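Since the structure is predicted, the reported quantities are computational estimates derived from the model, not experimental observations. Order of appearance sets the numbers: ligands from 1, and atoms from 1 within every ligand.
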Amino acid sequence: MGNYFQPEIETASREEILSIQNEKIVKQVKHAYDNVKYYRDLMDEKGVKPEDIKGVDDIKKLPFLSKADLREAYPYGLLGTDLKNCVRIQSTSGTTGKRVVAFYTQHDIDLWEECCARAIVAVGGSNEDVVQVCYGYGLFTGGAGLHGGSHKVGSLTLPMSSGNTERQIQFMMDLGSTILCCTPSYAAYIGETLAERGYKPEDNKLKAGIFGAEPWTEEMRRSIEKSLGIKAYDIYGLTEISGPGVAFECEAQSGMHINEDHFYVEVIDPETGEVLPEGSKGELVFTSLDKEAFPLIRYRTRDICVLSREKCSCGRTHVKMTKPMGRSDDMMIIRGVNVFPSQIETVLLNEGYTPNYQIVVDRVNNSDTLDIYVELAPDQFSDIVSVTQKREKKLESAMRTMLGIGPRIHLVPPKTITRSEGKAVRVIDNRKLHD
Ligand code: ADP
Ligand code: ZN
């Protein structure tokens, strides 16, 4: 049995969780209907009234919200309370287009930070830990969320923000950081830099890392665990629903518990919008159950994953989500075949390459091309052309087996691919330029 930040709620029975959700959803739908004209209009259009919602089973009657709605309603159109009650905005990273802004009351910040505190305690964090937060601070939710969570746990918080890797390492070593919070791509970069400075994994005091905000594979997890000498845990969230901590991994490292007392989750067919039975792969849809300022209902995340209610060894009862394979809009369609960057990452790491890669998609003579630039580690590098060509061929064939189409592989010298300090940009799709 593990440690919990809020044991009663994190290990509550299914009946208790359901009863909390049923009670909260009724209030939340009324709150949105009464205060958010944009959502009231959508409900009126669908002919559904707050009285029709008597519990979470009725949620199917409600309209969805999408990122397009958020952009249309930008900036104040989905505000659920007077501005004078709001104390903060945060904004998405804009990975897939125009940023959206989300609003928070103090109550909303508190519940968000509590979710992050649950994540920190789940990886063994306590007031004896030194938590190094190198997610970006500012509009991005990563820094603020883990920072607030670390305070709630009572850990010593190092508000590093992202970047300045030399300073990250200096503080990590001098102050004896025990928990590292950043994107997995930045964790890999920090691990690489530590090795270059002559540090071995056992030289640092880190025991765990809380890594999220972007898709990463199990292979990447193992690689980071090895380079830093830690256990690496996933954390998931999105600005629209609060930020990191919507779901977090426990010691079982087999999926992330969704904080179901605050967020009601559904999985739908991204094409038809139909709610899928448990265990199906589909798009995650969240309803915030008790947020005041930004009470999104049935928000479509475009993140694709599977939910599981199998009993977890940690004792938590909240439903688990698998790592999102990437968003539906990360999926590339190349010569008619669906390809996810995560599949490419899996092959690369399994074949012994570094997690430093760049995917370039283009269209030449009406046919899609897929080029993968893969950086060699210093001990892999060879200036004998035939050696490199042979390696490229082997990797090409491994990719073909995984993806169903053959990419062109380019093995490039060490340090030629830009490292990421925040969310890594893995794919450059030049086809859009020609459209
Ligand atoms: P943006 O949509 O601009 O990137 P956010 O910073 O709010 O804005 O990022 C939220 C998104 O980041 C999620 O919808 C999801 O696609 C991705 N994400 C967050 N955490 C994870 C994770 N642990 N694994 C995979 N993807 C994640
Ligand atoms: Zn668990």
So the angle subtended at the Zn ion (ligand 2) by His257 atom NE2 and Cys314 atom SG, rounded to 10 degrees, is 100°

Where the Zn ion (ligand 2) is the corner point, what angle links SG of Cys250 with SG of Cys312, to 10°?
110°

Report the member of Ala213, Gly237, Gly243 with the shortest heavy-atom distance to atom 10 (C) of ligand 1.
Gly237

Which option wins on minimum heavy-atom distance to atom 16 (O) of ligand 1: Leu238, Asp303, Ile304, Thr322?
Asp303

Decide, yes or no, whether a salt bridge links [X] with [Y] under the criterion of side-chain N to carboxylate O below 4.0 Å.
X      : Y      : answer
Arg316 : Glu249 : no
Arg309 : Glu278 : yes
Arg221 : Glu218 : yes
Arg298 : Asp69  : no

Please assess Asp371 against Arg408 for the test salt bridge (Lys or Arg N to Asp or Glu O under 4.0 Å), listing each intermediate value before the final yes or no.
CA-CA 5 Å; Asp371 287 87; Arg408 278 193 305 243; 2.8 Å; yes

Flag [X] as yes when one of its N or O atoms lies below 3.5 Å from any N or O atom of ligand 1, and as no otherwise.
X      : result
Thr301 : no
Thr239 : yes
Ile235 : yes
Glu214 : yes

Within ligand 1, which atoms have a heavy atom of Asp234 less than 4.0 Å away?
22 (C), 23 (N)

Short list, please: which atoms of ligand 1 are under 4.0 Å from a heavy atom of Phe140?
6 (O)

Heavy-atom contact under 4.0 Å between Lys423 and ligand 1?
yes

Answer with yes or no after comparing the ring centroid distance for Phe103 and Tyr76 against a 6.0 Å cut-off, counting only values under it.
yes

Of the backbone atoms (N, CA, C, O) and the side-chain heavy atoms from C-beta on, which set of Lys67 has a member under 4.0 Å from an atom of ligand 1: side chain, backbone, both, or neither?
side chain

Does any part of the side chain of Leu395, heavy atoms only, come nearer than 4.5 Å to the side chain of Val347, both counted from C-beta?
yes

Any donor-acceptor pair under 3.5 Å from Gln343 side chain to Leu403 backbone:
no

